[in-house]
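Here's the structure, in structure tokens; my notes come after.
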Amino acid sequence: MGELKTIKGEVDSIVFKNHDTGFCVLMMNYENELLTVVGEMGDVDEGEELVCTGEFVVHRKFGEQFKVSVFERSLPTTVDSIRRYLASGAIKGIGPVLAKKLVKKFGEETFQVIESEPEKLCGIEGITAEKADSFSKQFKNTFAVRSLMTYLGRYEIAASYGIRAWNRWGAQSEKMIVKNPYVLCTEGIDLPFSQADELAEKNEIPPDSRFRIKAGIVYVLRQNADAGHTCLPKETLTELTRRFLEVDESLILQVMTEEIEEENLCCYYKGKRPFIMLAEYFRAEDYISRRLSIMSGISYDNKIDFSEVIDLEEENNGIKYETIQRQAINLALSKGFLVLTGGPGTGKTTTLNAIISLYAQQGLNVMICAPTGRAAKRLTDLTGVEAKTIHRLLEVKFRSGETASFVHNENDLLDCDALIIDEMSMVDSVLFEAVLRAISVTCKLVLVGDSDQLPSVGAGNVLRDIIDSGAMPVVTLKEIFRQAQESDIVMNAHKIVNGEHIDLSKRDKDFFFFQRLDFEGLQDLIVDLSKNRLKKAYGFSPFEDIQVLSPTRKGPAGVVELNKRLQRELNPPAAGKSEIKTPVYTFRKGDKVMQTKNDYEILWKKQLDDDKTESGAGIFNGDIGVILAVNKVLRTATIDFEGRVCIYSGTMFDNLELAYAVTVHKSQGSEFNVVILAVFGGFDKLYYRNLLYTAVTRARKMLIIVGSQKRVNFMIDNDRRTLRYTALKNMLTENSGGGELFDGQEENDAPEGGEYYMDE
């Protein structure tokens with residue numbers, strides 16, 4: 001950033017305004033000339049006086065601009081500026097003509113009359129008592145939001161946080177924040193805790209205040225939820241919070257007890273050991289356990305043997321099912337409640353197609369879904385039945401914030417007799433709760449997934465917990481079919497999951513390894529493969545077919561550095577190609593990008609085959625798209641997420657990354673024609689067996705590992721599963737009549753001493 005300067009002037013006109021993010025482009029009267037001013041300035045209007053701190057920049061196309069970092073505002077004070085402000089439409093119902101009449105009668109006292117003496121407005125023709133009251137209420141609301149923006153701007157807090165707070169709490173926002181700055185750390189507003197600490201310190205709120213301790217406990221729990229844990233042992237949470245806040249343990253325990261009593265937090269006992277949960281995760285896992293228990297107790301045609309029906313299905317399709325496949329099909333028909341799991345090439349799709357076909361022959365209305373768009377499209381291709389994403393199936397309601405709200409729930413059930421969910425390992429606790437709320441207790445339910453893959457990006461370990469609890473019948477397919485045995489990807493995937501080292505010298509099928517023991521050589525080869533060699537030899541596109549994966553974000557072999565290098569080679573800057581810079585990445589037209597956080601309020605449109613368009617809301621964690629256009633002046637980007645076209649602006653870029661390379665975790669649920677996997681150095685805890693297995697099974701036609709053979713072998717030998725603290729397994733066992741599980745070292749619990757997370 002260049003030298004910061006402060007300028008003062010009156011807003012002449014608004015060129016662009018994004019009401020969601022607060023980003024504005026306006027023209028300001030500055031030193032008797034019009035100056036373009038850009039930045040997050042909330043809902044400024046014509047005629048306002050602004051004091052802006054920032055820097056002068058020169059835009060290649062639009063010339064000199066002033067880029068605002070911090071601003072203060074005051075309402076217009078001169079008769080002319082008051083008239084122009086009211087004429088701009090700042091108060092609904094007052095246009096240029098009425099603005100002129102108001103200013104002519106009340107002059108510089110116009111605002112005071114509107115706010116405090118609205119009955120005087122009735123003396124002007126056309127203004128009724130009802131209208132006068134409406135004008136006064138609007139003005140007071142406007143004054144409140146301006147006051148909030150000014151207050152936060154004084155402490156260099158971006159306007160976007162103020163807008164989120166205003167959308168949540170309205171006119172009470174400033175009062176709440178002055179009393180307790182930590183409310184800005186609430187989910188959906190998401191002010192960094194360090195900034196809330198600074199604001200609290202400046203307002204003389206002590207570091208051991210209950211507001212801070214309460215927020216700190218929740219912050220630690222949310223940080224760990226981001227790492228997959230739905231709960232933490234009480235003693236672990238206490239210690240993490242003590243280290244984070246640097247306050248006495250006794251104060252933390254006291255506040256924690258109060259929050260549990262007020263049901264803001266929940267305490268769940270595994271045996272005699274207390275675990276603390278955020279209310280949303282307790283509600284989700286408790287509901288899942290109770291609903292699955294009820295559904296498993298409902299009697300279908302449990303005593304009927306469907307062998308003859310399966311024989312007919314074999315005859316009609318020219319297929320011979322293996323014994324274990326027949327068992328799975330029979331359970332799906334008779335019990336109507338099944339987990340079907342197995343690795344690649346073991347016949348999950350063949351079994352699933354039989355289940356779908358026989359459900360349809362029974363006259364059942366069958367719905368199939370998957371967590372991601374890519375997984376749903378693949379499921380459609382494999383089954384011939386339209387599969388939807390879970391979010392599309394449940395129909396997301398438009399709402400502010402990160403928490404989902406769905407059209408379909410217990411009050412508006414899906415018209416569905418049988419539901420099949422694929423890639424179940426990706427489904428987190430909160431999303432699965434939403435699914436169960438949207439189906440009747442008599443709906444047949446089949447969960448399909450590979451339990452050896454990584455668990456969901458969101459908090460929970462639903463598929464593994466269900467399998468380990470014994471709450472549902474589980475069929476595991478293990479035999480690899482002859483056709484699949486021709487693929488080294490399939491065969492090596494099974495060797496990896498069984499802990500066997502693989503032959504990395506073979507290069508005659510679809511699995512290749514290139515040893516590179518220096519970062520420069522590794523990056524050079526990955527770029528050459530992506531840009532030149534695979535395209536020349538096989539016709540693979542670096543944008544549509546090839547996906548680079550890495551276990552880690554950081555370091556020369558991490559996705560951040562790989563993305564920057566791949567972007568330079570595959571989509572370099574060029575004349576006429578606008579770009580937007582963020583703290584980590586530069587985004588330009590043609591870039592491959594990924595959404596990194598669920599955002600249920602992003603509006604999109606999709607062009608359908610019949611020249612109609614479909615509209616919707618929501619872009620989700622892991623969705624991959626391509627930037628179609630960039631407007632540098634307005635700081636907006638038009639992005640196509642597999643047909644869903646939307647516009648990004650302001651803080652929306654905080655949840656966007658380049659996607660030439662992505663982490664293995666973010667690739668879950670997707671398949672790519674070619675996967676290039678970087679396996680080099682880094683933290684040992686990121687290099688383990690089921691992460692390597694997940695990466696390998698993302699490849700459809702070709703898998704290329706670049707890096708260290710020693711590191712590959714280390715990953716195979718390191719059978720440290722992605723262990724998570726959850727309550728679901730215990731809850732399921734209790735509700736199915738199995739009694740409480742003793743909480744020693746459970747398989748699904750993080751080991752003592754540190755598989756929890758705290759970003760300090």
Side-chain angles (χ1 to χ4, degrees), residues 144 147-148 151-152 154-158 161-162 164-227 229-269 273-284 401-403 459 725 727 756-760:
S147 175
L148 172 64
Y151 173 75
L152 294 178
R154 198 179 304 140
Y155 298 101
E156 300 186 9
I157 294 174
Y161 296 111
R164 294 172 194 169
W166 181 263
N167 289 338
R168 179 77 62 88
W169 299 303
Q172 298 299 312
S173 300
E174 184 176 347
K175 185 178 179 180
M176 291 175 63
I177 293 166
V178 170
K179 181 181 178 182
N180 175 16
Y182 297 98
V183 296
L184 290 170
C185 300
T186 303
E187 188 175 25
I189 299 174
D190 300 321
L191 182 74
F193 200 91
S194 58
Q195 283 190 259
D197 260 348
E198 291 173 10
L199 182 56
E201 184 179 359
K202 289 172 182 175
N203 283 277
E204 299 182 345
I205 295 174
D208 62 353
S209 77
R210 274 165 169 64
F211 293 135
R212 183 170 184 262
I213 294 171
K214 173 184 173 181
I217 293 168
V218 172
Y219 181 81
V220 172
L221 285 169
R222 291 215 177 278
Q223 288 280 307
N224 281 275
D226 289 344
H229 306 296
T230 60
C231 60
L232 283 180
K234 185 176 182 179
E235 71 275 11
T236 301
L237 174 60
T238 304
E239 174 59 17
L240 284 171
T241 307
R242 185 194 65 77
R243 282 165 32 197
F244 179 58
L245 298 179
E246 297 181 340
V247 297
D248 288 343
E249 179 180 305
S250 59
L251 291 174
I252 296 169
L253 290 170
Q254 185 177 343
V255 173
M256 196 181 297
T257 300
E258 292 171 359
E259 290 299 291
I260 292 169
E261 289 174 352
E262 294 176 12
E263 298 184 358
N264 296 320
L265 298 175
C266 298
C267 184
Y268 175 75
Y269 281 85
R273 190 183 187 193
F275 283 71
I276 308 301
M277 308 180 73
L278 292 168
E280 67 199 81
Y281 295 117
F282 177 83
R283 181 177 61 247
E402 193 192 336
T403 305
Y725 283 120
Y756 47 75
Y757 173 76
M758 187 63 248
D759 182 4
E760 296 186 76

_Other residues, nucleotides, ligands: >12 heavy atoms within 6.0 Å of Glu156 CD_ = no
*Cut-off 3.5 Å, side chains only: do Tyr182 and Asp197 have a donor facing an acceptor?*
yes
*Does Lys234 reach the side chain of Leu253, with side-chain heavy atoms less than 4.5 Å apart?*
yes
*May I ask you to test the Leu199-Leu184 pair for a side-chain heavy-atom distance under 4.5 Å?*
yes
*Is there a side-chain contact between Ile260 and Cys266 (heavy atoms, below 4.5 Å)?*
no
*asked:* Keeping Asn224 on the side-chain end and Arg222 on the backbone end, is there a donor-acceptor pair under 3.5 Å?
replied: no
*Mind checking the CD-CG spacing from Glu198 to Asn203? Nearest 0.5 Å is all I need.*
12.0 Å
*Intermediate values then yes/no, side-chain contact (heavy atoms from CB on, under 4.5 Å), Asp248 and Ile252*: CA-CA 7 Å; Asp248 288 343; Ile252 296 169; over 6 Å; no
*If you measure from CG on Leu245 to CG on Leu251, what distance do you get to the nearest 0.5 Å?*
10.5 Å
*Could you walk me through whether Tyr151 and Ile177 pass the side-chain contact (heavy atoms from CB on, under 4.5 Å) test, one step at a time?*
CA-CA 10 Å; Tyr151 173 75; Ile177 293 166; 3.9 Å; yes
*Can you find a pair of side-chain heavy atoms, one from Arg283 and one from Met277, that are under 4.5 Å apart?*
no
*More than 12 foreign heavy atoms under 6.0 Å from NZ of Lys202: is that the case here?*
yes
*Student check: side-chain heavy atoms of Ile276 and Thr238 closer than 4.5 Å*: no
*asked:* Pair Val183, Trp169 - check side-chain contact (heavy atoms from CB on, under 4.5 Å), show working.
replied: CA-CA 11 Å; Val183 296; Trp169 299 303; 3.8 Å; yes
_Shortest non-hydrogen contact from Asn264 toward Lys214_ = ND2-NZ, 4.3 Å
*Using the benzene-type ring in the case of Trp, are the ring centres of Tyr219 and Phe193 under 6.0 Å apart?*
yes
*Can you spot which of Glu258, Glu262, Glu259 makes a salt bridge (Lys or Arg N to Asp or Glu O under 4.0 Å) with Arg210?*
Glu258
*Side-chain donor/acceptor of Thr241 to backbone N/O of Gly216, under 3.5 Å*: no
_From Phe282 atom CZ to Cys231 atom SG, the distance as rounded to the nearest 0.5 Å_ = 11.0 Å
*Is any side-chain heavy atom of Arg168 closer than 4.5 Å to a side-chain heavy atom of Met176?*
no
_Pro192 and Tyr161, any side-chain heavy atoms less than 4.5 Å apart_ = yes
*asked:* What's the separation between atom CG in Leu148 and atom NZ in Lys175, rounded to the nearest 0.5 Å?
replied: 14.5 Å
*Is any side-chain heavy atom of Arg273 closer than 4.5 Å to a side-chain heavy atom of Glu235?*
yes
*asked:* I'd like to know whether Glu174 forms a side-chain contact (heavy atoms from CB on, under 4.5 Å) with Leu152, so could you lay out the CA-CA distance, the side-chain angles of the two residues, the decisive distance to 0.1 Å, and finally the verdict.
replied: CA-CA 9 Å; Glu174 184 176 347; Leu152 294 178; over 6 Å; no
*Kindly say whether Pro207 contributes a backbone atom to a donor-acceptor pair with the side chain of Arg212 at under 3.5 angstrom?*
yes
*So how far is it from Tyr281 OH to Thr230 OG1, rounded to the nearest 0.5 Å?*
8.5 Å
*Separation between CD1 of Ile213 and CE of Met256, rounded to the nearest 0.5 Å*: 10.0 Å
_His229 side chain to Tyr725 backbone, donor-acceptor under 3.5 Å_ = yes
